[in-house]
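Position 1 is the first residue of the sequence, and the numbers go up from there. Side chains included, hydrogens not; waters and symmetry mates left out as well; all remaining heavy atoms used. Computed from a prediction, not measured in an experiment: that's the story for all the values here.
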Amino acid sequence: QVQLVESGGGLVQPGGSLRLSCAASGITLDHYTIGWFRQAPGKEREGVSCISHRSSSRYYADSVKGRFTITRDNVKNTVYLQMDSLKPEDTAVYYCAASILSIVVVTTMDSDDFDYWGQGTQVTVSS
């Protein structure tokens with residue numbers, strides 16, 4: 001059974017940092033492009049970032065470029081999203097997802113291109 005489990009969310013003040021983790025079981029992550037998405041209340045799901053299976057390519061949405069960093073540790077079967085300089089508008093449930101497709105295909109961050117999803121972790125940025 002494939003499982004992606006996100007962790008690391010929480011409440012942080014504006015300007016603060018969080019590191020999200022996405023741990024996989026049942027699949028070998030280095031076969032997959034991994035993406036992070038987020039969904040704020042009343043808004044559509046938004047693609048945030050993705051990373052190729054060998055970490056050679058990364059994509060970031062304009063809204064997080066320069067503040068978020070995606071990395072992966074294929075030995076630990078885990079992908080991370082380091083989030084710095086957080087803003088209130090970053091408040092959302094964050095999901096990781098795995099796609100068998102190349103990052104060249106999935107940089108559009110279309111949810112339909114991703115095969116497996118985690119349950120999400122809440123990030124709240126507020127003073």
Check whether any side-chain N or O of D115 sits under 3.5 Å from a backbone N or O of I100 as a donor-acceptor pair, and report yes or no. yes
Can any side-chain N or O of S85 pair as donor or acceptor with the backbone N or O of R67 at less than 3.5 Å? no
Closest non-hydrogen atom pair between S21 and W36, with its separation: O-CH2, 3.7 Å
Mark yes or no for whether Q82, through its side chain, and I70, through its backbone, hold a donor-acceptor pair below 3.5 Å. no
So does H53 get a backbone contact from the side chain of D30, meaning a donor-acceptor N/O pair under 3.5 Å? no
Quick one: closest heavy-atom pair of G47 and A61, and the distance? O-CB, 3.5 Å
Less than 4.0 angstrom from a charged side-chain N to a carboxylate O is my criterion; do D90 and K87 meet it? no
Are any non-hydrogen side-chain atoms of Y94 and M83 less than 4.5 angstrom apart? yes
Separation between CD1 (I27) and CG (L4), nearest 0.5 Å, reads 5.0 Å
Is I34 close to R72 at the side-chain level, that is, under 4.5 Å between some pair of heavy atoms? yes
So, N77 side chain and A24 main chain: donor-acceptor pair closer than 3.5 Å or not? yes
Say whether, by atom type as modelled, one donor and one acceptor occur between the side chain of T121 and the main chain of G9 under 3.5 angstrom. yes
Evaluate the side chain to side chain contact (heavy atoms under 4.5 Å, CB included) criterion for residues T108 and D113: first the C-alpha distance (whole Å), next the side-chain angles of each, then the deciding distance (0.1 Å), finally the verdict. CA-CA 9 Å; T108 56; D113 289 333; 4.0 Å; yes
The reported gap from OG in S111 to CZ in R45 (rounded to nearest 0.5 angstrom) is 5.0 Å
Distance (rounded to the nearest 0.5 Å) between L101 CG and T33 OG1: 7.5 Å
Please identify each residue that fulfils ring pair (Phe, Tyr, Trp, His ring centres under 6.0 Å) with F114, with sequence neighbours left out. F37
Is a side-chain donor-acceptor pair under 3.5 Å present for S63 with E46? yes
Nearest-0.5 Å distance that lies between atom NE2 in H31 and atom OG1 in T28: 5.0 Å
CD/E89: more than 12 non-hydrogen atoms of other groups inside 6.0 Å: yes
Indicate the atoms forming the closest heavy-atom contact of G35 with M109, along with that distance. CA-CE, 4.4 Å
Nearest 0.5 angstrom please: L11 CG to S127 OG, how far? 9.5 Å
Under the 3.5 angstrom rule, does the side chain of T78 hit a backbone N or O of A23 as a donor-acceptor pair? no
Side chains of Y59 and V48 in contact at under 4.5 Å (non-hydrogen atoms): no
Please answer whether the main-chain N or O of I103 pairs with a side-chain N or O of S52 as donor and acceptor at a distance below 3.5 Å. no
For residues G118 and Y95, report the shortest heavy-atom separation together with the two atoms involved. O-CD2, 3.6 Å
Is there a donor-acceptor contact under 3.5 Å linking the side chains of R19 and Y80? no
In terms of hydrophobic clusters joined by side-chain contacts under 4.5 Å, are V2 and L29 together? yes
Separation between CG (L81) and SG (C50), nearest 0.5 Å, reads 11.5 Å
Where V125 and T91 come nearest, the two heavy atoms and their spacing: N-OG1, 2.9 Å
Can you check whether T69's main-chain N or O pairs, donor with acceptor, with R58's side chain at less than 3.5 Å? no
Check whether the side chains of D84 and S17 place a donor and an acceptor atom closer than 3.5 Å, and report yes or no. yes
Test log, rule side chain to side chain contact (heavy atoms under 4.5 Å, CB included), inputs L86 and F68: CA-CA 9 Å; L86 282 161; F68 289 11; 3.8 Å; yes
Spell out, as yes or no, whether a donor-acceptor pair under 3.5 Å connects the side chain of E6 to the backbone of C96. yes
